[in-house]
Structures are given as C-alpha cells and as structure tokens.
Trainee: 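I am attaching a structure below and will ask some questions about it afterwards.
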Amino acid sequence: MSAEFEDVLLYAERPEWADVTPLPQYQGVDALAPINYSAEYQDATDYFRGIVKAGEKSPRVLALTWNIINMNPAHYSAWQYRYKTLLAMGADLEAELRLMDDFAVTNMKTYQVWHHRRLLLTALRSPAAAAAELAFTARVLAGDAKNYHTWSYRQWLLVHFNDDDEGGLWAGERAWVEELLEKDVRNNSAWHHRFLVVWASGVRRGDEDREAVGRTESAFAKDKIALAPNNPSAWNYLRGVLEHTKTPFATLTSFVELYIVSDAAEAPEVVDLDNPAPTEGAQLPCVHALEFLADVYEQEGGEQVAKAVEIWKSLANEHDTMRKKYWEYRIRDGLQGARA
Amino acid sequence: MSDLPSLPRLNRNGHAKLAQLCLSGLPFSQVEVDSSRYTSNNIFGGTIAHRVNRLAVVFYCLGTLDLLGVLESKVPEAARPRWREWFWEQQTYGKYGTGFRPGPYMTPEHNEADPNHGEYDVPHLIMTYTALLSLAILRDDFSKLDRPGILHFVRSCQQEDGSFSALPNGGEADLRTTYCAIVICSLLDDWSGMDLERAITYIQRCSSHEGGYGQTPDGEALGGTTYCALASLKLAPATTTSHWETRITPAERARTIRWLAANQLSSGGFCGRTNKVADACYCFWCGASLDMLGAGDVVDRTALATFMSQCQFKFGGIAKAPGERADPYHTYLSLAALAVFQPPDADESWQLPQLDPLWNATLDTARWAREHIPARRSPS
Ligand SMILES: [Zn+2]
C-alpha cells in the first residue's frame, strides 16, 4: 500500500497527530490464528482506537478512516465511525459519494462499500441523488453484470424511494433490463430484476392492465427462449409469470411442443408470432420444454399423469441423465400424487 | 453413472494439514479476515470473494478437524484451554447485551479491567453463532456463557421488519444474520430473544419466483441464503399463527426442490444461482437444503464426490472449483457436504461422521451443544 504514497509518514511521526494518544490493540491470550499486521496498518489503527476513545469527529478523522479502509476495506468500525463523523460535521454527502465512486468499483465485492452508500442515500432523502445512483450502479454492472451487492443496492434504491412518477426511478428499469438481456440472455440477475420490476414490487404506473402485462411478459420470455432454448433463466421467468398470474401451464402447450421434437425440421412451416419456433441450430429436444410439458400433464392429473411419467422417464434415461435422480423422484412423487 | 472414472482417495491428511496451518498463522494479505462485516457477507456464500474473518477461519478449521475425526490428535486436551480462553475473550457485554465479536481489533490494550464494550466494540451476531459452535467443538462446559445477556443482545438486533442486523447498532440485516439469530436461540433452547412471528414473515418474504430465497426480500435466489431460510423455518418452533407444517406450502416446496436440483450441474458440483458455474461451497448450501426438504435422494452423490475429488488441492485443502487454490471455507463446507451425501461404494477415506444439517455441526458436537448450552432448568 505504502508504495503508492512515497513520502507518507506513520501517524506516530506526524506532528499534527501528536495530540492524539494511540491505543495499541489488546493482544489477549496466545491469539489463535494470529494476523501479522504491517507497520502502517498497525499505526493507523492504533490512532483510530485513540480517536474513537476521545470521540473526536473532525476532517482529519475522515482522512484517517479513508486511509484505513484503503488498507482494509472490510474494517467495519472505520466505516461506521466515518459515517458518524460525516453526519456530525454536516459534511456534503454527495461529495462523499463521488469520493467513493472509484473505490466502490475497485472494491465492488466488499459489502461495506454498498452499505455506506445506502446510509448516505437514506440520510440524503433525495430522489435525484437516487437517480444518480441508479446510473452509477448501471456503470458498475456494465463491468460485472452479476455482482450481487450492486444488484441488491439497486433494488434497495428502487424499493426505498419507491418513486413511481412519470420519469421516476422505476420508469427506465424495464428498458434497461432488456438492454442487459440483449447483451447476455443468460444473465439471471437481469431476469430476476425484471420479475421484481413487473411483478414482485406491486403494480407500476402503466401496468394496471395485469392481463395485458401477463401476455406481454409471456411473449417476451417466449421470444428469448426461441433465441436460446436451453436457458433456464428464461424458462424460470416464464414459469414465474404463469404462477404469479395463476395461468395454467396448459395454455402454453402449443409453444412448448415446438421444442420437444428431436429435429427442428419437424417444426411447422407456418410462422406463428404467438409461438416462436426455436432458432436454427438449437439443441433439441429441449429439456426445459419436456419438463414443462410433463408439468402440464401432471397439473391435468388423472390419466394424464401416465404421460408425464413417460416424459420423466425419457429425461432420466435419455435427455437429462445427469439429473436422473431428480426425474426418478418426480416419477415417484407424481405417481403418489395421482393415487392420492 | 457408470462412465465416471473411479473415485480417487479423499486426501484427509492434506485437508487436516491445511486446517492446522491456518490455525497457526495468517499472512498480512489476509488482513481482511480481521473485521467481520465483510465476512458475514461471505460466510454463507453470498459473493465470489469468499474472504472470511478471523473467528470464522478458526471455526472452519476446527470444524474440518472435527469432521475428519482428528480433533483429539491435532488439538490435544492440553492445548484446548488456551483456545477456549481465546473465544471467551471475544465475549463482550454492554448496553446491548452480551455476544461475541470477531476479534479484539477494536479493543485497546490494558482493557482487561473493563470488558464493557463501547459503541465500536460491540458483539456481532454471526460471530456469536460461530463462537458458540466452535466452543462446542472444543467441548467447552459453557460455564462462562452469559445466557440472559446473549438473549438480550439477540433482541437488540431485531429490526422492525423481523430481520436481525449483524450489530445491535447497525450493519446488514438479511437472511444470514436472521439464520444466526435463530440458531443462537435454538442452541440456548430459549426463544424469548425474538419476535418469532415477525422473523418468520421476513424469511418468507425472501422467497423468489425461481424457488430459492434471496439474501433480502427483493434479492435473486441464492444457494447460501436458501439454506439459511429453510434451516430457520425448520428450527423455529410453532407459534399461534405459524404452524410448522404450513410454513412452506407443497407447491413452494416442489418449486424449491426443482430449483435446487437444477443447480447440480454436469460436473457434479452445484452452482449458487441459475446460469452460474459450480462452486464447492454450494454443494453444501444446496445439498443440505435438499436434505432438509426431505429430498436428499435427488442429489447424485457419486457425481458430487467426483467434483469434490477434482477440487482437492494437491497440497491439501479443497478449492471452490478444480484448479483453484484451497481455502478453509471451501474445505470445511465440502467435507460437510460429503458428510451429508456419502458417496456409495467409495473407499474408507470418504467416510465422515454424520452431520446435523440445521446447525451445521457433527452429531456429536450437536449433542454436546444440546447438553451444555441451554440454561439448566431447575427440576420441577
Ligand atoms: Zn464458494
């Protein structure tokens, strides 16, 4: 770390820190799993313990905590004290966000980075600042599209501010998710986010006609499945839509039947916009389609369960042998359900 | 699967050696292990980094030795008092109650006379869970445990929405911290430390359309937090409004099993989220989840063990994926997964003791905990 700052002195060597009494760390009994700290880290944290004991909240505390979190981004007490200091000083919290931007990108896998922003946004209570944060998280996700913390933070911003006005925070979410899925149709985080935006966070402005929304969303998922039939994220979304809207799986039978043939050439010639056919060269039959069709039969019950069992057998023995145990379980479970 | 190559031996000595090595010292590059919010983030497999804190590293190492049945020989009785003492030194009390902190890193020297914590040296929920289990592995008698103080601390961490924050005065509040609060109450066999109904409502809100549970109510389904949700729902006793049997409907159960089973990939390993790669730790989080749902049968044990054998690091320890470096976290969780899912027809090197999947401890350790952690009730 010190290589970056060539002439940095230890706090113990700086006259402007002479008024602070450093507090070395308590060592205790023969520490299990001892950690060998560097001299810089030990020095900075000694002064930090001193500052905390004295209760000082001043600009130099910001410099000290910044130094510590740069050496150890997970030092949660340094983050916590930094936040309290910012509040006590009445500091410009948006400036703090900008200071932290690059740091957040470099340390995007550190929880504290995002928690700190969350505290700042809660204190700011500004939808405009939240909008800027949405743009910031979009930039971060452009680099690492599946970073869980960044997604969580974005979801928190949307739900916390819940700004559903025209042009409000939620307004651009669906289009943005579509962009992400254009880039990578298997981005499960983006699919999950779409489910949150459309279904799991209440009814958004413009989405009041739920039946129409259900049709649009199921068409959206079907188009994406046509593009890459073996994409579980899209199938899970489609199932989620049907379950959420209490639509029987059977309404999609003619769609899934296009995906259970072993050869795309067997598919009908006529182009049906409601039932897009698999893209050329897709690996067929599609396991997810077979599974879906078996679920249709199982839902119908009675005689139909035998058809489901046939499909599960083919999955177990031919099309998805690595999940043989699961399909055998479905057979047992399905037969039991049919008897009950 | 007949086309699988025969299983190599489980490198028990190598894995025990890694645990011992980590217990004896950590290089500065692992300084992040020092404070725990970071860890708490990773302890349940939340992120890719998997860096963990100091107390957690100790727990994984002790757990590894316990699972390998070598605790007696590697940590002889004579050496244990000092280990126990180190854990008890992390027990701290104050206005938020009593609990364990990740280490003394905010504790000034010469503080022995006043263990009363300040605002910045408070106990941590995940560390408290970890310390209790570690002390049970070390067969502590728990005579130093401040039981009422612990329950007070758990209460101080519960939030309005039913979840629990890692620290009584801040920190993340999600399924991992909520699971820890539930295990602590379950270990103490005393539920006066929480509003159970609100906690259960919170857990149920984390369920996602895919069938798994996210880290928070709006989060994407994740293996580690699905484990936390299911174990919590199983450990929490029935209340007047939440009967144990109706917490998960049959449809929800089927959906969760489906999602979990789909996470076992052709390599035999499990991924933690849809469309991600296999990672050894998720073999435990997803596998144990299936076991808790009574669907352990759907796991392909042979394929799982094959994946684990490939994750074994040549110098000992188990890595998150083949070709990666081993670490205590993946070593422990891989062995835990193997303890739940013993490969059929494997040689004796793969034999591990049975595991309690809810507490994540061997049955012997769980029995010890049950006998020593709850308050002794006066005979009535
Ligand atoms: Zn992992």
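Each chain gets a letter, A, B and so on, in the order the sequences are listed, and its residues count up from 1. Treat the numbers as computed from the prediction; the structure is a model and nothing was measured.
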Trainee: Does some side-chain heavy atom of B:Asp297 sit less than 4.5 Å from a side-chain heavy atom of A:Arg332?
Mentor: yes
Trainee: Relative to each other, are the rings of B:His209 and A:His192 parallel, tilted or perpendicular (30° and 60° limits)?
Mentor: parallel
Trainee: Using heavy-atom distances under 4.5 Å, tell me whether A:Lys53 contacts chain B through its side chain, its backbone, both, or neither.
Mentor: neither
Trainee: Distance check, rounded to the nearest 0.5 Å: A:Tyr148 atom OH versus B:Thr216 atom OG1?
Mentor: 6.0 Å
Trainee: Run through A:Asn188, A:Asn231, A:Asn187, A:Asp184 and flag the one making a side chain to side chain donor-acceptor pair (under 3.5 Å) with B:Asn275.
Mentor: A:Asn231
Trainee: Side-chain contact test, heavy atoms from C-beta onward, threshold under 4.5 Å: evaluate it for B:Ile257 versus A:Tyr329 and give yes or no.
Mentor: yes
Trainee: How long is the straight-line distance from OH of A:Tyr76 back to OH of B:Tyr120, given to the nearest 0.5 Å?
Mentor: 12.0 Å
Trainee: Given a strict heavy-atom distance threshold of 4.5 Å, which part of B:Ser208 is in contact with chain A: side chain, backbone, both, or neither?
Mentor: side chain
Trainee: If you count heavy atoms of other groups shown closer than 6.0 angstrom to CD of A:Gln283, is the number above 12?
Mentor: no
Trainee: Measuring from A:Tyr111:OH to B:Asp174:CG, what's the distance to the nearest 0.5 Å?
Mentor: 6.5 Å
Trainee: If you measure from OG on A:Ser189 to NZ on B:Lys276, what distance do you get to the nearest 0.5 Å?
Mentor: 7.0 Å
Trainee: Do you know which of A:Gly240, A:Ser233, A:Ser152 has the most heavy-atom pairs under 4.5 Å to chain B?
Mentor: A:Ser233
Trainee: Ion pair present between A:Lys146 and B:Glu220, side-chain N to carboxylate O less than 4.0 angstrom?
Mentor: no
Trainee: Taking C-beta and beyond as the side chain, do B:Asn169 and A:Gln80 meet within less than 4.5 Å on heavy atoms?
Mentor: yes
Trainee: Do NZ/NE/NH1/NH2 and the carboxylate oxygens of B:Asp300 and A:Arg323 come within less than 4.0 Å?
Mentor: no
Trainee: Against chain B, label A:Tyr81 side chain, backbone, both or neither, depending on which of its atoms sit under 4.5 Å from a heavy atom there.
Mentor: both
Trainee: What's the separation between atom CG in B:Asp218 and atom CH2 in A:Trp156, rounded to the nearest 0.5 Å?
Mentor: 12.0 Å
Trainee: Measure B:Leu265 against the heavy atoms of chain A and call it side chain, backbone, both or neither at under 4.5 Å.
Mentor: backbone
Trainee: Do A:Glu291 and B:Arg258 sit within salt-bridge range, that is, some charged N less than 4.0 Å from a carboxylate O?
Mentor: yes
Trainee: Are the side chains of B:Arg255 and A:Arg239 in touch, meaning some heavy atoms are under 4.5 Å apart?
Mentor: no
